[in-house]
Each structure stands twice: as structure tokens, then as C-alpha cells.
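For reference, the structure is listed below as C-alpha cells.
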Amino acid sequence: GEQVEQLPSILRVQEGSSASINCSYEDSASNYFPWYKQEPGENPKLIIDIRSNMERKQIQELIVLLDKKAKRFSLHITDTQPGDSAMYFCAASEGGRALIFGTGTTVSVSP
Amino acid sequence: AQTIHQWPVAEIKAVGSPLSLGCTIKGKSSPNLYWYWQATGGTLQQLFYSITVGQVESVVQLNLSASRPKDDQFILSTEKLLLSHSGFYLCAWSLDWGSQNTLYFGAGTRLSVL
């Protein structure tokens, strides 16, 4: 089945700088790639997603890039704020039957 | 608007004791329902999914079972808890079965097995 690799596992950045998280997947049939943000003790919440008919999507400070040939996608948080500190998960759809999640990235934004 | 409610919020249970966790979806008929498990600081592992009442598919074997007794209800249970069952259990729903499989998670149940 699908497997999703996510790096780095920990990311420490200064407030105002950019943070980038990279994911790769194996199943070329995967066509949906969401990103979830999970604050401590809470449930994961969808923050942005991209479908295979797109290469780039931006919602405010969040940018997602998709390279289908390389089977890679990435999340970029521009102008990070302390409120961006959380765990982030990428995921890929496995033919629509399930979302397979990456191992997570803990982002810490320091003032 | 759709709402998803999980119960209980937290449980502390002894090894070998039974467990039942519940999830109810309101505002959406015939949702796809899922159970996920998350170890502390870990990734989200899908356990079960269901696309209709009475039908549940297992994704991983963790000595757990799931049932869907009603269209809006999903139950996770076991007769004998193991230490390894500790973690965060999340119920989720999605709109359809196709490529736009966005998951919406409930607030979760935190389980500690001692």
C-alpha cells in the first residue's frame, strides 16, 4: 500500500522566517494531498490541500507544491508566527480508500 | 453543519479490562467513518473504516474491533486491553469515497492503559 515519508521530524525557526516540510509518496495513483495541523492535546485540522491537477496552491501564508513526476509535495509556511507552532502531518490518498499520513513534523517558532 | 462527537473524552483503564469508545456524526447522512489511533507524538494510523451501516473493514490488527450499529454511529471496542492500546483515538468522517477524501476529525479520546 501507499507509504508517505515526511521530513524533517523537528523544525525550529525564528519568527518571521519560512518553514518548509517535505513529503514523498510511493503510489503514483495517489491524487489528493492534504496537510493537517495538530496543536498539543487537540485533534488534527485540515489547513490546506492540493489535488493532482495542480502544481501549486496558496492560502494566505501557506504554500503547497506538488511534483507528481518526483512523487513529492511540500508545505511552506512564510512569515512564521508563534501560533504556527504545532505538529504538521502530510497525507496522500490511497485510491480514495484512505488517507495515509506521514510521520509528522513538530514545528517550533521562537520569537 | 456537520458535527462529530466522541465519547468519553478520556479513559484510564486496567490491562485486561474491556473498552468501548463511541463516535456520533450529525448533519450528514451515510458518511464514510474511520477510526484512527495515535501514539503520543506519533503518526495517525488508520484502524477501521466503514462506508455503510453494518459494514466495517479492518486496516490493521491491534486486538480491537469496530461496529457501525447506526448510520451515524461508530463504535470501537475490545474485550481485553493491552498496554500497547494506550494513545489517542480519533474518529473521522469524509464526504465521499473518491479522490477528494478530506477527513474531518472528532476531538478524540485519550486512553491510558495501566
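What's counted below: heavy atoms across the whole structure, side chains too, no hydrogens, waters or symmetry copies. Just so it is clear, the structure is predicted and the values come from calculations on it, not from any experiment. Letters A, B, ... mirror the listed sequences (proteins, then strands); counts begin at 1.
Counting only heavy atoms from C-beta outward, the side chains of B:T102 and A:Y32 approach each other to under 4.5 Å.
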Practice item. Could you give me the CA-CA distance, side-chain angles and deciding distance for A:L99 and B:Y36, then say whether side chain to side chain contact (heavy atoms under 4.5 Å, CB included) is met? Key: CA-CA 10 Å; A:L99 278 180; B:Y36 277 81; 4.0 Å; yes
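B:E79 CD: 12 or fewer foreign heavy atoms inside a 6.0 Å radius. In A:Q81, the CD atom is crowded: over 12 heavy atoms of neighbouring residues, nucleotides or ligands sit closer than 6.0 Å.
Note on B:I75 and B:L64: separate hydrophobic clusters, where clusters join Ile, Leu, Val, Met, Phe, Trp and Tyr whose side-chain heavy atoms are under 4.5 Å apart, directly or indirectly. Under a hydrophobic clustering in which Ile, Leu, Val, Met, Phe, Trp and Tyr are joined whenever their side-chain heavy atoms come within less than 4.5 Å, directly or via other members, B:Y89 and B:I12 fall into different clusters. By the criterion of side-chain heavy atoms lying less than 4.5 angstrom apart, applied directly or through intervening Ile, Leu, Val, Met, Phe, Trp or Tyr residues, B:Y104 is not grouped with B:W7; the two fall into different hydrophobic clusters. Following chains of ILVMFWY side-chain contacts shorter than 4.5 Å, one cannot reach B:V9 starting from B:W35, and the two form parts of different hydrophobic clusters. By the criterion of side-chain heavy atoms lying less than 4.5 angstrom apart, applied directly or through intervening Ile, Leu, Val, Met, Phe, Trp or Tyr residues, A:L62 is grouped together with A:M54 in one hydrophobic cluster.
The distance from atom CG of B:L103 to atom NZ of A:K45, rounded to the nearest 0.5 Å, is 14.0 Å. The distance from the CZ atom of B:F105 to the CD atom of A:E42 is 14.0 Å, given to the nearest 0.5 Å. Between A:F89 atom CZ and B:L44 atom CG the span is 4.5 Å, to the nearest 0.5 Å.
Although no hydrogens or angles enter the test, the distance criterion places no donor-acceptor pair under 3.5 Å between the side chain of A:N43 and the main chain of B:G108. Between the side chain of A:T103 and the backbone N or O of B:T43, no donor-acceptor pair lies under 3.5 Å.
Heavy atoms closer than 4.5 Å to chain A are found in the side chain of B:L90, but not in its backbone. Only the side chain of B:Q38 comes within contact range of chain A, judged by heavy atoms closer than 4.5 Å. Proximity to chain B (any heavy atom under 4.5 Å) is shown, for A:Q6, by neither the backbone nor the side chain.
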